[in-house]
Amino acid sequence: TIGATIGGVATTSTQALTVTASTISTATSTVGLSASTVASGSVVTLTLQAKDAAGNNLTTGGATVVFTATGGTSTGTISATTDNANGTYTATFTGVLAGTATTIGATIGGVATTSTQALTVTPGAASVNQSLVAVSDTTVAVSSTLTFTLQARDAAGNNLTSGGLTVAFSLSGGTSTGTISATTDNANGTYTATFTATTSGTPTTVNATIGSVPVTTALPTIRVQ
């Protein structure tokens, strides 16, 4: 309400005046994330809140907004932007490669916003199609030992860095035999067991399962000699 005083006495006459948001500003509009970390294969929502130069939230759409990811070793894909017609613009980021934080920004009409956010991609769930089985050597003498190792990886090939999986090793084919110890969870994404050779023979394949599901990547062979 706009009024006036005359000699300190208020006028009876007044007028209503409404301040509305002005044009969108790249300096004050803000970029937000639904989470600061995202597992590979999972999704986080990116949001731009359009603001004018004074920091007022815009309440209508119509701007051309594109989200960007720069720097760091975390990678992912960004969807097309949705104009919510209320001053906000959203897109989804799907994590791919785990690594150091990438910087999420946006452009408005091709001009970069000042506001940015850091987003880190972490490994996703273990995948039997990507996890790798390795052996410390391909030959072993009777009564000697080898180490079997499983490196757990997610569907994008990222090495997992924590434990918690149920991993078991086994042999198939060939006539080389031996005993396999219980599996050790090293709590860093790797799992190991010790093979003690008992009978020499032809090469045998070293298999592994994760949660009883067989690993499908190329498997190593060993031979007891």
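Scope of the values below: all heavy atoms of this structure, side chains included, with no hydrogens, waters or symmetry mates.
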Any residue meeting side chain to side chain donor-acceptor pair (under 3.5 Å) with Thr216, in chain and number order, not counting sequence neighbours: Asn129
Listed partners of Thr196 passing side chain to side chain donor-acceptor pair (under 3.5 Å), at least two apart: none
For [X] versus [Y], what's the shortest heavy-atom pair and its separation?
X: Ala156; Y: Leu97; value: O-CD2, 4.0 Å
X: Ile78; Y: Ala91; value: CG2-CB, 4.2 Å
X: Ser29; Y: Ser25; value: OG-O, 2.6 Å
X: Pro214; Y: Ser212; value: CD-O, 3.8 Å

Just by distance, do the side chain of [X] and the backbone of [Y] share a donor-acceptor pair under 3.5 Å?
X: Thr73; Y: Thr100; value: yes
X: Thr184; Y: Asn186; value: no
X: Thr204; Y: Gly173; value: yes

Let me have the donor-acceptor pairs involving side chains of residues 32-39, under 3.5 Å, with sequence neighbours excluded, atom names and distances please.
{"from": "Ser34", "atom 1": "OG", "to": "Thr45", "atom 2": "N", "distance (Å)": "2.8"}

Residue pair Ile24, Ile108: steps toward the side chain to side chain contact (heavy atoms under 4.5 Å, CB included) verdict: CA-CA 8 Å; Ile24 193 169; Ile108 302 171; 3.7 Å; yes
Pairing residues for [X] by the side-chain contact (heavy atoms from CB on, under 4.5 Å) criterion, not counting sequence neighbours:
X: Ile210; value: Val128, Ser131, Leu150, Leu165, Val167, Val215
X: Gln49; value: Thr30, Lys51, Asn57, Thr88
X: Ala16; value: none
X: Asp83; value: Ala85, Tyr89

When you group the ILVMFWY residues by side-chain heavy-atom contacts below 4.5 Å and let the links chain together, are [Y] and [X] in the same group?
X: Ile104; Y: Val96; answer: no
X: Leu132; Y: Leu219; answer: no
X: Val206; Y: Val213; answer: yes

From Asp52 atom CG to Leu58 atom CG, the distance as rounded to the nearest 0.5 Å: 6.0 Å
Distance (rounded to the nearest 0.5 Å) between Thr149 OG1 and Phe169 CZ: 6.5 Å
Mind checking whether [X] and [Y] have side chains closer than 4.5 Å, heavy atoms only?
X: Thr14; Y: Thr1; answer: yes
X: Thr90; Y: Leu46; answer: no
X: Thr113; Y: Leu48; answer: yes
X: Leu17; Y: Ile2; answer: yes

side-chain hydrogen bond (donor to acceptor under 3.5 Å, both in side chains): pairs with one or both residues in residues 156-183, sequence neighbours excluded: Ser40-Asn158, Arg153-Asn159, Asp154-Asn158, Ser172-Asn207, Thr175-Thr202, Thr177-Thr198, Thr177-Thr199
Would you be so kind as to tabulate the donor-acceptor pairs closer than 3.5 Å made by side chains of residues 136-143, with sequence neighbours excluded?
{"from": "Ser136", "atom 1": "OG", "to": "Thr147", "atom 2": "N", "distance (Å)": "2.9"}

With Phe195 via ring pair (Phe, Tyr, Trp, His ring centres under 6.0 Å) - residues at least two apart: Phe148
Residue pairs fulfilling ring-ring contact (aromatic ring centres under 6.0 Å, His included) with at least one residue in residues 23-48, sequence neighbours excluded: none
Listed once per pair and sorted, the ring-ring contact (aromatic ring centres under 6.0 Å, His included) pairs that draw on residues 31-73, sequence neighbours left out: none
